[in-house]
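In what follows, a single structure is set out as structure tokens and then discussed.
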Amino acid sequence: MAVLSILSEGDVPVVQIAGDVDMANAMNISAELQALTPNSAAGLVVDLSETSYLDSRGVHLILDLGARLATHGQRLAVVVPDDSHVRRILVLTHVDEQVALYASAADAVEGVRSG
Amino acid sequence: MTLHDAAWPDMFDSLQGAYAELAESQAELERRAAEIDEARELFEQVIDSMSEALFLLDSRGRIVRVNAAATALVATADDELLGRPLEEVWDEPRIPKTPWELLEAAPDGALADIDVEVRRQRKLPVPTSVSCALVRSKTGRIAGLIVVARDITERKQTEETVTLLSDASRALAESLDYEATLTSVADVAVPRLADWCIVYALERDGSIRRAIVAHADPSDAPLAAAISSGSTVDPDARDGVPKVIRSGSTELHPEVSPTVLAADVRERAEIQPLLEQVGPVSWMCVPLVARTQTLGAISFVTAASGRRYDDVDLAKAEELARRAAVALDNARLYELERGIAETLQRSLLPQRLPDIPGISVAARYLPARPQAVGGDWYDVFDLPDGNVGLVMGDVAGHGVSAAAVMGRLRNSLRAYAMEGHSPALVAERLNALTYEDEMATLAYAIFDPTNWTLRFVNAAHPPPLVIGPDGSTGYLEGGSPPLASMLTPLYSEWTVSLEPGSTVLLYTDGLVEVRGELIDDGLARLEEAARSTAGAPLEEMLEDVLARVLPGPGAADDVALLAMRASPLDPDRFQLRLDAIPSVLSRTRHALRNWLATAGADEAEVEDILVACGEACANAVEHAYGPSGGEFSVEGWLRDGEIVITVRDQGRWRPPRGLDRGRGTGLMHSLMDDVSIDHDASGTTVVMKRRLQADAPI
């Protein structure tokens with residue numbers, strides 16, 4: 001079970017996912033995140049600092065979302081604390097090679113804006 | 001008139017005057033005699049036209065005068081009666097035969113309302129009321145005795161009808177059970193109205209069921225059984241009971257033959273000899289109609305009594321049937337409502353109890369009969385954070401309305417609980433949702449398997465009982481007002497620590513409340529029963545507790561019981577069987593997390609193993625996912641400091657699709673020391689191993 005919170009809107013929306021991301025909810029979260037990104041936005045920041053569980057379904061979600069946004073010329077940045085288990089999963093699956101990971105939301109927004 | 005010693009002419013005058021006076025007197029006498037004759041004739045007419053029988057006896061008790069009703073009463077002609085003592089023609093010991101006998105019985109010379117029965121040959125006794133009075137002359141001498149007898153058949157019949165019908169009303173009001181009501185009807189009718197009474201029920205499919213066969217003579221039981229089992233009613237028969245049910249009109253046969261009675265039976269040849277044995281004399285059949293709907297019919301048959309039915313009997317039968325139909329209609333509606341309430345309530349009780357490793361749950365629900373379904377409910381669910389919610393509630397009242405309130409409370413409670421609210425807050429919210437007339441009690445507890453604590457709120461519900469593994473017992477103290485309190489009550493919650501292996505028992509008051517007994521006695525009985533069965537498996541424990549605590553087979557109130565036992569997790573072994581649906585994944589992680597901590601894995605190791613195992617479980621769900629569903633199992637061992645996890649499913653293996661699908665397998669390999677995946681026709685087995693850094697379990 002996970003809860004999505006829109007932390008800020010504007011040219012770079014920040015959406016936080018609190019809770020577990022698994023096969024039971026990954027598809028819905030993916031659809032919701034796309035809907036939360038207007039065409040006018042420069043990109044999207046997904047904050048995983050409150051995410052308690054994430055496996056390959058979540059990894060797929062992030063990579064897929066990054067690819068979709070890229071087709072609109074939009075960028076994706078992900079917030080994960082340095083010592084979090086979620087970061088470990090993203091690194092083990094080489095997500096960090098395709099999507100920029102940040103330790104704070106402010107850095108992530110700045111990263112999306114600066115391109 | 002006087003003669004004076006006077007002169008002749010005077011005398012002549014006087015004589016003349018005297019003669020005139022005499023003549024006048026003579027005319028007067030004649031007129032008076034005529035008047036007396038007239039009066040006597042009138043008197044004769046009056047006494048002869050009296051419906052009461054009148055006997056006038058002289059001072060020695062001989063009949064000197066009777067009227068027409070009297071000759072009819074004793075069936076003897078007028079001239080045969082006169083001059084004879086009364087007892088020769090009417091030998092009724094309770095009636096005085098002479099003035100002296102009357103004076104002995106009643107010093108004031110009058111007796112009224114002696115109820116006797118007059119038997120005339122070969123006829124039914126006639127209930128008669130007799131009054132007697134002395135006849136005295138002007139001088140006060142006792143001259144005779146008047147005996148007046150009145151036929152009170154009609155009054156007696158009215159009285160009997162009133163008694164029959166009031167007995168019927170009482171018997172019919174005793175039960176709301178349909179079959180029991182049918183039996184009551186027959187019991188009232190036999191033997192007062194019939195030697196045999198058969199109650200027919202019109203079934204929904206149009207068939208006619210012979211529901212009850214009652215008989216006055218107990219020795220007729222084998223015959224009644226033979227008729228009941230050996231024959232069925234043909235609902236399409238032209239005559240007999242089906243005709244009464246179809247037309248709604250009555251049948252009255254003062255004389256009836258077995259052939260007529262067999263007219264509506266399919267097995268006519270077999271039943272005819274049995275009916276010959278019954279020896280029917282008279283038959284009437286009346287429909288059972290309530291609110292324009294025909295529910296069946298009642299047949300009344302006389303046999304050994306020789307009684308012949310008439311219009312008066314038919315009127316009684318019709319009135320009895322009218323009352324019976326109302327009672328049956330009520331019973332039917334009641335059963336209908338109870339059926340709805342039962343279905344509603346059953347649908348609100350959990351269909352299956354959650355399977356959580358280390359936690360066993362058992363429940364019982366015993367609806368009270370013959371009372372209506374109550375508002376008891378219980379619920380048990382696992383919460384998103386891995387805790388277990390336990391609920392026991394009792395809505396005041398019975399039937400559909402109580403079940404509906406219960407449904408609302410149950411669903412609201414689940415919703416608030418899933419939101420993660422504390423027990424006290426949940427109770428407060430529920431209280432806000434209930435109306436004044438929806439009083440309910442509730443015990444809601446959250447068990448946290450990671451730290452063995454139980455947090456609970458008790459809204460005026462009987463206190464939960466905790467039974468320790470050693471058989472020690474204790475009620476959980478701490479209560480708050482019931483739900484639907486008029487004021488805004490404050491709900492407090494308490495937290496207690498449970499010893500591993502403890503059992504928490506929630507129940508409704510039906511278990512401990514016995515009428516005429518203090519509730520403390522019931523609580524003591526429950527505690528004693530729980531103590532004596534403490535070591536038994538949970539299901540057995542519940543059976544034992546019910547057997548020892550409930551006073552008898554029929555509980556007066558509904559009884560619900562819910563027990564949860566938290567066994568200490570075995571650090572060496574973990575086992576879970578699950579439905580192959582995505583929603584079980586989070587529950588699996590909670591359970592596995594608890595076990596891994598017990599087995600001594602540190603936080604980072606727990607996270608790694610959870611994701612690796614999560615991948616295997618997600619695959620299992622995916623393989624088995626389909627309309628038919630399926631199950632999969634997760635097992636864990638701790639062997640020599642190494643965690644071994646096996647995930648097994650019976651599904652069809654699907655090769656990974658694209659790069660993404662291989663990512664899960666890749667993660668398993670990255671997070672675990674060793675991974676093997678075997679798939680064959682029977683399913684897929686994934687075995688993963690991970691050596692723990694710390695050797696000793698915590």
Side-chain angles (χ1 to χ4, degrees), chain A residues 1-5 16-34 48-70 76 78 80-99 101, chain B residues 381-387 417-420 578-590 592-593 601-625 632 647 656-672:
Chain A
M1 214 157 86
V3 176
L4 263 56
S5 315
Q16 187 183 68
I17 305 173
D20 291 3
V21 180
D22 63 13
M23 81 181 288
N25 60 9
M27 296 272 272
N28 288 342
I29 292 173
S30 177
E32 194 63 29
L33 289 175
Q34 283 176 60
L48 300 181
S49 53
E50 294 297 320
T51 304
S52 44
Y53 176 88
L54 185 131
D55 61 17
S56 66
R57 316 289 153 147
V59 169
H60 175 73
L61 182 163
I62 298 293
L63 292 176
D64 183 59
L65 183 65
R68 281 169 196 269
L69 291 178
L76 175 67
V78 172
V80 272
D82 286 337
D83 58 349
S84 75
H85 194 261
V86 172
R87 179 178 280 264
R88 173 166 156 80
I89 299 299
L90 296 182
V91 171
L92 282 173
T93 49
H94 309 287
V95 172
D96 58 332
E97 293 164 19
Q98 295 172 59
V99 176
L101 305 185
Chain B
F381 41 79
D382 29 32
L383 291 160
D385 56 8
N387 292 344
M418 292 298 163
E419 293 286 304
L578 296 144
D579 281 339
I581 50 172
S583 59
V584 303
L585 295 173
S586 113
R587 180 140 58 89
T588 312
R589 290 195 294 273
H590 285 300
L592 198 57
R593 185 189 294 275
D602 68 25
E603 207 171 310
E605 288 166 338
V606 169
E607 298 296 336
D608 280 1
I609 297 170
L610 281 188
V611 172
C613 183
E615 295 294 345
C617 291
N619 285 340
V621 168
E622 205 157 64
H623 298 160
Y625 208 48
F632 70 102
V647 177
R657 278 170 291 158
L659 278 175
D660 290 337
R661 298 294 165 178
R663 201 175 284 124
T665 318
L667 261 181
M668 286 193 267
H669 282 284
S670 309
L671 296 167
M672 303 297 274

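Throughout, a chain's letter reflects where its sequence line sits, starting with A, and its residues are numbered from 1.
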Below 4.5 Å, heavy atoms only, C-beta onward: do B/L610 and A/H85 meet side chain to side chain? no
If you define the side chain from C-beta out and look only at heavy atoms, does anything of B/L671 sit under 4.5 Å from A/R88?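 Yes, at least one pair of side-chain atoms sits under 4.5 Å.
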B/E419: what forms a side-chain contact (heavy atoms from CB on, under 4.5 Å) with it, not counting sequence neighbours?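 Applying side-chain contact (heavy atoms from CB on, under 4.5 Å) to B/E419 gives B/H421.
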State, to 0.1 Å, how close B/L667 and A/I89 come at their nearest heavy-atom pair, and which atoms those are.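 Here B/L667 and A/I89 meet closest at CD1-CG2, 3.9 Å.
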Side-chain donor or acceptor of B/E615 paired with backbone N/O of A/S56 under 3.5 Å: yes
Hey, what do you get for [atom1] ([X]) to [atom2] ([Y]), rounding to the nearest 0.5 Å?
{"X": "B/M668", "Y": "A/D55", "atom1": "CE", "atom2": "CG", "value": "10.0 Å"}
{"X": "A/N25", "Y": "B/S583", "atom1": "CG", "atom2": "OG", "value": "11.5 Å"}
{"X": "B/S670", "Y": "A/L92", "atom1": "OG", "atom2": "CG", "value": "5.0 Å"}

For chain A, which of B/V584, B/D608, B/L585 has the most heavy-atom pairs under 4.5 Å?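 Heavy-atom pair counts peak at B/D608.
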Considering residues at least two apart in sequence or located in another chain, which fulfil the salt bridge (Lys or Arg N to Asp or Glu O under 4.0 Å) criterion with A/D83? none
Is the count of non-hydrogen atoms from other residues, nucleotides or ligands lying under 6.0 Å from A/Q34 atom CD greater than 12?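 Yes - once you tally the heavy atoms of other residues, nucleotides and ligands closer than 6.0 Å, there are more than 12.
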Does B/M418, at its CE atom, have more than 12 non-hydrogen atoms belonging to other residues, nucleotides or ligands within less than 6.0 Å?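 Yes, CE of B/M418 has more than 12 neighbouring heavy atoms, counting only those of other groups under 6.0 Å.
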